[in-house]
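Every value quoted in this text rests on a predicted model; they were computed, and no experiment measured them. Within every chain, numbering begins at 1; the chains are lettered A, B, ... in the order of the sequence lines, protein sequences first and strands thereafter. Side chains included, hydrogens not; waters and symmetry mates left out as well; all remaining heavy atoms used.
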Protein chains: 2
Amino acid sequence: MGRPKSTRPYHHGELREALVATGRRLLEEKGIRGFTLRECARRALVSHAAPAHHFASLDDLLAEIAVRGYQELTAAMETELRRATDAPAARLVAQGVGYMAFAAANPVLFQLMFSREANRFESQALAAAAKGAHDLQVAAVASLIPRASADVKQGMVDFAWASVHGFITLVLEGQIGEGDTPRALKSRGVSMLAAMVETVLRAGGEP
Amino acid sequence: MGRPKSTRPYHHGELREALVATGRRLLEEKGIRGFTLRECARRALVSHAAPAHHFASLDDLLAEIAVRGYQELTAAMETELRRATDAPAARLVAQGVGYMAFAAANPVLFQLMFSREANRFESQALAAAAKGAHDLQVAAVASLIPRASADVKQGMVDFAWASVHGFITLVLEGQIGEGDTPRALKSRGVSMLAAMVETVLRAGGEP
DNA sequence: GCCCGCGTCCTGACAGTGCCAAGTTGATCT
DNA sequence: AGATCAACTTGGCACTGTCAGGACGCGGGC
């Protein structure tokens, strides 16, 4: 909101949010290694040193962007969940679809969130945001195989998450489905999810 | 090999290999974003512009390092394969173990190989090197479900790869098994592999 | 109504980066 | 021996992140 950009008051007013927003666009445009604090500042129409008052360093800005990413990832999963039926299997599949849809729509951000670099940030906010998505997955698996032991449940959470994450990751990097149309790719993703759910069910003792 | 370092002849003689070697170490030390051509040159005891005569750009050097990575990944899978029995299921599991062992031993290199950045290199050599590892996976799945259709086989190759790749990726990023001992982690990995094999078998019509 | 504090932003500078240009060295071939 | 030429050098450019110090202007206290 704030003032019209044409006047450009000395005090930007919402620079922090502006940096996160433009930074996110810049990230998707240039990739992680092409991401630049100065270009960010330029696009937000402030001087090159202005961001320092809101983010201690470049990594600090990236960390904040990653946190937003996790929140949006969780939201994407929840959105897909709302469209699904009550059947636990359908809900687990829906979450997987939401997960992959978010990754496909924000490939570089997704890579940032799950990159070793992001881990170096070590921020609690980031860990908390990541936990949100993880909790959803745990809940979905638990309601799919309620009678399974805790050990089996954890194993199946690992398995489910790894399948979904690995699949979309390899797709984004062009290692899977190189020549496929987006449509064909999605159908491959969904049938992969179906196979995964089946195994979870069996391991959980639900025929 | 070559001359003693102390003399340091004007012509290094094996600068290309030296850059790949030190570059790889530097990569693992500093991470992808901390990787620097000049630091590489410094460690190889040459001037900052010397690498240009062997690699057109920083990305070019990274691409070469990634190619070596793929070759080593393939080798790691083959090594584990040699230790395995003839049972197709055991062989597929063994390959997965080799894959994960390589990733765990070279986390940053592994990230580089499967990063969006690496994809921009677009080199044929890189694609060919990546194909080596992929072919192994195809063969292992094919011998596990010989009677399945080509479509199902391809789907299961993707699935097997995705689950292995996803699991080790999430582990490396600390999203799975944060507090686990290495021993516990490996057992989680192996049971994930078991679930994967089960899925492949069922999808392939082998009870 | 005025002034002053302080958060917000600015300009300027420094060391470090990738890459390009032009010069220097030394191994190799005729 | 002299010429050739790839391998290496120094130097410079535009760019980066970060730090220091100064300019601005919104708010609260008189």
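Between C/dC9 and A/Arg16, no contact under 4.0 Å exists linking OP1 or OP2 to a side-chain N or O. Regarding contacts with the backbone of C/dC19, every side-chain N or O of B/His48 stays at 4.0 angstrom or more from both OP1 and OP2.
The residue B/Ala52 sits apart from the nucleic acid: no heavy atom pair falls under 4.0 Å. Residue B/Arg42 is classed as a sugar-phosphate contact, given heavy-atom separations below 4.0 Å to backbone atoms only.
Here D/dA7 presents its P atom at 13 Å from CG of B/Leu19, a figure rounded to the nearest Å. The distance from atom CZ of B/Arg33 to atom P of C/dG18 is 14 Å, rounded to the nearest whole Å. Whole-Å rounding puts the A/Leu58 CG to C/dG16 C1' distance at 15 Å. Here D/dT16 presents its P atom at 10 Å from CG of A/Leu26, a figure rounded to the nearest Å. B/Phe55 has its CZ atom 18 Å from the P atom of D/dA6, to the nearest Å. The interatomic distance linking A/Asp59 (CG) with D/dT16 (P) rounds to 16 Å, in whole Å. Distance, B/Glu39 CD to C/dT17 P: 7 Å, rounded to whole Å. C/dC19 atom P lies 10 Å from atom CG of B/Leu62, rounded to whole Å.
Along DNA chain D, the nucleotide closest to A/Phe35 and the one closest to B/His53 are compared, and the more 5′ of them pairs with B/His53.
Proximity of a side-chain donor or acceptor of B/Tyr70 to a complementary backbone N or O of B/Met113 within less than 3.5 Å is detected. Side-chain N or O atoms of A/Ser187 include none that pairs as donor or acceptor with a backbone N or O of A/Arg183 at under 3.5 Å. Side chain of B/Arg116 to main chain of A/Leu172: a donor-acceptor pair is present (N/O by atom type, distance under 3.5 Å, no hydrogens or angles).
At a cut-off of 3.5 angstrom, the base of D/dG17 holds at least one donor-acceptor pair with the side chain of A/Arg38.
Minimum atom distance to the side chain of B/Ala50 is reached by D/dT9, of the listed D/dT9, C/dC9, C/dT11. Nearest to the side chain of B/Leu37, among C/dC10, C/dG18, D/dC8, sits C/dG18. With C/dG18, D/dT9, C/dT11 as the candidates, the nucleotide lying closest to the side chain of B/Thr36 is C/dG18. The listed nucleotides are D/dA7, C/dC19, C/dC20; the one nearest the side chain of B/His54 is D/dA7. Closest approach to the A/Ser57 side chain among D/dT18, D/dT16, C/dG18 is made by D/dT18 (side chain taken as heavy atoms from C-beta onward).
A salt bridge links A/Glu39 with A/Arg43: the closest approach of a Lys/Arg side-chain nitrogen to an acidic carboxylate oxygen falls below 4.0 angstrom. Under 4.0 Å is where a charged nitrogen must lie from a carboxylate oxygen, and between A/Glu64 and A/Arg68 at least one such pair does.
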